[in-house]
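One structure is given here, and the rest of the page talks about it.
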Amino acid sequence: MQTKKMTLTTKVIIGMVAGIVTGLMLNALGLNSAESFVGNYLVLGLFHVVGTMFITALKMLVVPLVLFSLISGVLGIGDIGQLGKVGAKSFALYLLTTAIAIAVGITIAVFSGVGEGANLTSAATFAAKEAPPLSQVLIDIIPSNIIDAMAEGKMLQIIFFSILLGISILMTGEKAKPLVSGIEIMNEVMMNMVNVIMAVAPYAVFALIAKAIASLGLDLLMNLAGYVIVLIIALMVHLFGTLMGILKLFTGLNIRMMLKKLRDVQIFAFSTSSSNATIPVTLRTVTERLGVDNSVASFTVPFGATINMDGTAIMQGVATVFIANAYGVDLGLSGYLTVIMMSVLASIGTAGVPGVGLIMLSMVFTQVGLPVEGIGLILGVDRLLDMIRTAVNVSGDATVSVIVAKSEKKFDPKIYNDPDAGILTEADIHIDEKVEEELAEVVEKTHDK
Ligand code: ASP
């Protein structure tokens, strides 16, 4: 009997579950600190090293991948006017979903009465970091030095430069044809690099999750169970209700298929806590598994990772209500409207990296007059919640990408509806020996010239 080969997604899910179980065990046994041998060498040693190497590898891919895929996206869109429409639509949808997200968060939190009567005190202090003002965000879209922008991974600047470069190549016309093929090839090469890195994901995901769960303060989690549960419920309502609802409304597409194909992206986001580091996986899933044309996805995915944070917005809503209740402050309707406004604006100016939600939260608190030290109360459980909300953040990016692509007719329903489309197999990271020899010959010949 022929056994069916396990897909990467299945392996990654096994890695995740094994990671959770291992993490919980290590946590329960107290083997999570440098004091024990296991904690020191396994959790803080091996797991930490493997996990960090993996996240770094993903981050390494982001800049060249976005650069080549976006230039090739601009070149492949066929009508440059369409680019403006893609930009406007995705911007509007990102803002809309973020605003709905935070409203959902606030509503659920208010009705649950989370934090009420909780006589919480916290020893932890929280020093607020500033998120940039909107004027600076606008100015910062334009890089003064593109190498610097790339070195710093400034996504909006890289997007701006890539689009401008793509347009300039189009203006150059006929002469630029070899360059166009070169960029197209580089794009494919980068996608192969994504496949290579993804192949080790099951082990890396295991290490990342085992370490994160082992290091969690589970007793803290119990103390703040109300906040954690309300927040998780709000996140799920948004993912399954709002996001899938607007997908159905705007596209009529099958929701189950979407949820099934989002799994990879969500697990990567969950284990890395970073929308930015997940860009390679999101881009691959959206184009190769969900049928979005690269000309749309290459823009909407990195753009979304930067400005769209639905999960984070929900956390702002729930945390605001929680802290307000815990401190006995009544924010009133105008207070909550300010929170919605501020959270949407803050999400535009801050990139999708771990823990950024807390920075946004301090901005919101300052604006509505809640004590910023209040954030200290929820600091201890934020690591786990960051993982969950990042998974919701990237789900929003992928959903909006599909909606925009479908409305712009840059979408292939055959790929979307095929459950096996774009599944990563061993064949994807295979080097053809014959081709290898042929390429070596090409190099030799060119070298001898
Ligand atoms: N870690 C989140 C992200 O990368 C941001 C946050 O909520 O802290 O999307």
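This structure is a prediction, so every number in the text was calculated from the model and none was measured. Both ligands and their constituent atoms are indexed starting at 1 by order of listing. All heavy atoms count here, side chains included; hydrogens, waters and symmetry mates do not.
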Apply side-chain contact (heavy atoms from CB on, under 4.5 Å) to residues Ile388 and Phe270 and explain how you reach the verdict. CA-CA 6 Å; Ile388 304 176; Phe270 182 77; 3.8 Å; yes

Of all heavy-atom pairs linking Ala214 and Leu26, the shortest is CB-CB, 3.9 Å

- prompt: Can you check side-chain contact (heavy atoms from CB on, under 4.5 Å) on Val62 and Leu58, steps first, answer last?
  reply: CA-CA 7 Å; Val62 173; Leu58 281 172; 5.7 Å; no

The answer, listing residues by chain and number that come under 4.0 Å of ligand 1 through any heavy atom, is Ser273, Ser274, Ser275, Thr312, Gly352, Val353, Pro354, Gly355, Val356, Gly357, Asp386, Arg389, Thr390, Asn393

Residues pairing under salt bridge (Lys or Arg N to Asp or Glu O under 4.0 Å) where one sits in residues 376-386, two or more places apart or in two chains, turn out to be Asp382-Arg389, Asp386-Arg389

Correct closest heavy-atom pair for Leu75 and Gly166 would be CD2-O, 3.7 Å

Candidate pair Thr300 and Ser401, rule side-chain hydrogen bond (donor to acceptor under 3.5 Å, both in side chains), full reasoning: CA-CA 6 Å; Thr300 53; Ser401 300; 2.9 Å; yes

